[in-house]
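The block underneath contains the structure these notes are about, expressed in structure tokens.
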Amino acid sequence: CKELNIPVTELLDMDQEAALPVDDRSLLEMYHTLDKFNRRTIRQIMDRLLFQQDSKEKERLRHSYMPLCLYEEAAAAGIGAPMQDYAENQMVYVLEEDVPHGTDGIIHVNGRSMEPTFSDGSYVYIDSHAEVQPGQIGIFIVNGEAFIKEYQIDGLYSHNTRYKPIIVSDGSDVRCCGKVTGAVGKSAIATGSLVEKIEAAFE
């Protein structure tokens, strides 16, 4: 059936109704015994119930997920990555319970300099409006390249001891793009068909 892309009832030359579960067949038989007016009434009731069910599901999704900007190309760790003032981004939907307070974006980590705190290929939450204090991790643009580093008074430090700190000189162009508020959970970002359902819920 998979190879031919047909239902099993067609392959075995079975009646469609005969292949239904017993409960479904019973409901269908009852429906066929109704007159035209009552059939229309049943359809109207079903439409109303489906609408209510769909509305409840959309409300649940709106309360469970929140939209955030994912700065895919603004990822930064290790050797540095080119970054424009406003990196390309896309909207993603993240489980609200996973998102730290104040978070307004997500950045993809590229490189191993912040291991074991943040691994290569992972995602981190950022608060682009928060001020980064000494000892906190932030996203920094140094001479046009983006880094995720721990900020200290004398420079930007990696958590992986194999990487040297970035000592900022007076002539360096350094900007802070926000504070890292935590790591994104593995299944926190909605994917696949779930995204379409969430987008419909937010419309």
Side-chain angles (χ1 to χ4, degrees), residues 60-169 172-199 201-202:
R60 184 190 70 80
L61 291 172
R62 285 194 299 271
H63 283 85
S64 299
Y65 289 86
M66 64 181 299
L68 287 174
C69 282
L70 170 61
Y71 298 94
E72 193 69 43
E73 294 186 4
I79 59 174
M83 178 178 174
Q84 303 299 324
D85 289 343
Y86 297 96
E88 291 186 12
N89 63 82
Q90 61 174 312
M91 186 68 70
V92 294
Y93 296 91
V94 189
L95 278 171
E96 192 163 353
E97 62 183 18
D98 191 71
V99 182
H101 178 73
T103 296
D104 56 13
I106 297 175
I107 285 183
H108 178 245
V109 177
N110 176 32
R112 302 182 182 279
S113 73
M114 290 304 287
E115 293 182 348
T117 309
F118 302 118
S119 60
D120 180 30
S122 63
Y123 292 86
V124 296
Y125 294 113
I126 61 167
D127 181 349
S128 63
H129 302 290
E131 184 177 342
V132 180
Q133 302 294 332
Q136 294 180 337
I137 300 173
I139 304 297
F140 301 91
I141 309 299
V142 182
N143 297 325
E145 293 183 326
F147 296 88
I148 173 172
K149 299 292 179 186
E150 180 181 309
Y151 169 66
Q152 295 293 347
I153 297 298
D154 61 339
L156 306 176
Y157 286 77
S158 302
H159 286 184
N160 187 336
T161 55
R162 295 180 179 179
Y163 291 80
K164 295 180 179 180
I166 299 174
I167 306 302
V168 180
S169 63
S172 299
D173 177 16
V174 182
R175 287 171 290 157
C176 178
C177 294
K179 182 177 75 174
V180 174
T181 57
V184 178
K186 289 184 178 180
S187 57
I189 301 177
T191 59
S193 60
L194 179 58
V195 176
E196 295 180 4
K197 293 179 181 178
I198 298 173
E199 287 176 341
F202 275 90

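Numbers here simply count residues along the sequence, with the first being 1. Hydrogens, waters and symmetry mates are skipped; everything else that's a heavy atom, side chains included, is used.
- Under the side chain to side chain donor-acceptor pair (under 3.5 Å) criterion, R62 pairs with no residue at all, not counting sequence neighbours.
- In this structure H129 satisfies the side chain to side chain contact (heavy atoms under 4.5 Å, CB included) test together with D104, D127, sequence neighbours excluded.
- Annotation: side chain to side chain donor-acceptor pair (under 3.5 Å) contacts of S122 (sequence neighbours excluded): none.
- Remark: E199 pairs with no residue by the side chain to side chain donor-acceptor pair (under 3.5 Å) rule, at least two apart or across chains.
- For F118, there are no ring pair (Phe, Tyr, Trp, His ring centres under 6.0 Å) partners two or more places apart in sequence or in a different chain.
- In this structure, the side chain to side chain donor-acceptor pair (under 3.5 Å) partners of Y157, at least two apart in sequence or on a different chain, are D154.
- I126 CD1 to I137 CD1: the interatomic distance, rounded to the nearest 0.5 Å, is 13.5 Å.
- Take E196 and apply the side chain to side chain contact (heavy atoms under 4.5 Å, CB included) test, not counting sequence neighbours, and it matches no residue.
- By the side chain to side chain contact (heavy atoms under 4.5 Å, CB included) test, P134 is found to be paired with Y151, Q152, I153, residues two or more places apart in sequence or in another chain being considered.
- Within the structure, side chain to side chain donor-acceptor pair (under 3.5 Å) contacts touching residues 176-188 (residues at least two apart or in different chains) are T103-T181.
- Side chain of D98 to backbone of G185: a donor-acceptor contact under 3.5 angstrom is found.
- A search for salt bridge (Lys or Arg N to Asp or Glu O under 4.0 Å) contacts involving E150 returns nothing, not counting sequence neighbours.
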